[in-house]
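Since this is a predicted model, take the numbers as computed values, not measurements. Atom set for the values below is all heavy atoms of this structure, side chains included, hydrogens, waters and symmetry mates excluded. Chain naming here is simple, since letters A, B, ... match the order of the sequence lines and numbering starts at 1 in each.
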Amino acid sequence: GAGVSQSPSNKVTEKGKDVELRCDPISGHTALYWYRQSLGQGLEFLIYFQGNSAPDKSGLPSDRFSAERTGGSVSTLTIQRTQQEDSAVYLCASSLRSYEQYFGPGTRLTVT
Amino acid sequence: TQLLEQSPQFLSIQEGENLTVYCNSSSVFSSLQWYRQEPGEGPVLLVTVVTGGEVKKLKRLTFQFGDARKDSSLHITAAQPGDTGLYLCAGVDNYGQNFVFGPGTRLSVLP
């Protein structure tokens, strides 16, 4: 079956602009996660959705970052007023059980 | 807050060598996962271990969960260039409520 997909694969934006990153999880997966990965670094947790529960937003670095998950499926991560330090690869993952996560290929965001 | 440490941070070896990387914590986990991330791709789940002392094998990779469920190791036999990547461990707490990723071990296998 289809895996996790993310779009766009690459995004270049100017400092101060807003960007939206999209994640399509595996069908039927109840949990969805967003991470940020800077060059050569590990994963930085951003936000976690589980079913209809309130999302765990504890990893969002500032109020410029927000995420939604509509209908328990597709998720959008929005970054407002982008800064150069927001440049990174943004990874989305979904899971059905036990936090076993299936990752998408990521969106590479470059803020100029 | 549960933390996972991984060692070594970096490892560069020649093709054919054996290696072991470690994932350690002072906390007990109900399960622990290992992922491999190749350059330009998302991490891929390799294995989940759930029982203290458990050993799982995946071809040339051997995973072990510590008896106390606080640590894990990954041993690779006869490493190949295709094993190059970032190896991440991730743990789920004893209540199944929270999870955490380690910082990763970056492995480079030279031909």
Side-chain angles (χ1 to χ4, degrees), chain A residues 2-10 21-26 29-51 53-59 75 77 88-110, chain B residues 1-12 21 23 25 29-51 54 56 58 63 65 69 72 84-108:
Chain A
V4 176
S5 61
Q6 293 186 244
S7 60
S9 55
N10 284 284
L21 312 180
R22 177 186 168 106
C23 173
D24 283 88
I26 293 173
H29 279 194
T30 56
L32 188 147
Y33 316 74
W34 282 99
Y35 297 89
R36 180 169 69 176
Q37 187 173 36
S38 299
L39 187 63
Q41 301 299 309
L43 302 181
E44 177 187 2
F45 166 75
L46 297 177
I47 190 168
Y48 163 53
F49 297 89
Q50 173 59 60
S53 303
D56 176 357
K57 303 181 181 180
S58 60
S75 178
L77 177 69
V89 174
Y90 289 81
L91 290 160
C92 172
S94 69
S95 72
L96 180 59
R97 64 186 177 93
S98 303
Y99 302 100
E100 293 183 336
Q101 298 175 47
Y102 294 83
F103 284 81
T107 292
R108 182 175 299 279
L109 175 66
T110 303
Chain B
T1 302
Q2 295 183 301
L3 292 175
L4 278 169
E5 299 178 344
Q6 291 190 245
S7 61
Q9 186 178 0
F10 299 97
L11 185 58
S12 181
V21 298
C23 175
S25 176
F29 293 94
S30 63
S31 67
L32 200 141
Q33 301 152 11
W34 284 93
Y35 295 79
R36 177 172 64 212
Q37 183 180 24
E38 298 183 13
E41 300 182 6
V44 174
L45 178 65
L46 297 175
V47 76
T48 298
V49 286
V50 298
T51 305
E54 181 177 5
K56 282 192 173 179
L58 184 65
F63 305 85
F65 202 11
R69 291 186 286 127
S72 180
T84 292
L86 178 68
Y87 287 80
L88 296 158
C89 65
V92 180
D93 74 12
N94 221 16
Y95 303 98
Q97 299 290 327
N98 297 296
F99 63 93
V100 61
F101 272 89
T105 292
R106 195 165 295 277
L107 172 65
S108 177

Top contributor to chain B interface from A:Q37, A:Q50, A:Q41, A:R108 [non-hydrogen pairs under 4.5 Å]:
A:Q37

Check side-chain hydrogen bond (donor to acceptor under 3.5 Å, both in side chains) between A:E100 and all other residues, then give those that pass, not counting sequence neighbours.
B:T48

Report which part of A:Y33 has an atom under 4.5 Å of a heavy atom belonging to chain B: side chain, backbone, both, or neither.
side chain

For B:E5, I'd like to know if atom CD has over 12 heavy atoms of other residues, nucleotides or ligands within 6.0 Å.
no

Within 6.0 angstrom of A:Y102 OH, more than 12 heavy atoms from elsewhere
no

Give, as side chain, backbone, both or neither, the part of B:P43 having an atom under 4.5 angstrom from any heavy atom of chain A.
both

So which part of B:Q6 gets closer than 4.5 Å to some heavy atom of chain A, the side chain, the backbone, both or neither?
neither

Evaluate the side chain to side chain contact (heavy atoms under 4.5 Å, CB included) criterion for residues B:Y35 and A:Q101: first the C-alpha distance (whole Å), next the side-chain angles of each, then the deciding distance (0.1 Å), finally the verdict.
CA-CA 9 Å; B:Y35 295 79; A:Q101 298 175 47; 3.5 Å; yes

By side chain to side chain contact (heavy atoms under 4.5 Å, CB included), which residues pair with B:V44, not counting sequence neighbours?
none

Donor-acceptor contact present, side-chain B:Q33 to main-chain A:Y99, <3.5 Å:
yes

How many angstroms lie between atom CZ of A:F45 and atom CG of B:N98, to the nearest 0.5 angstrom?
9.0 Å

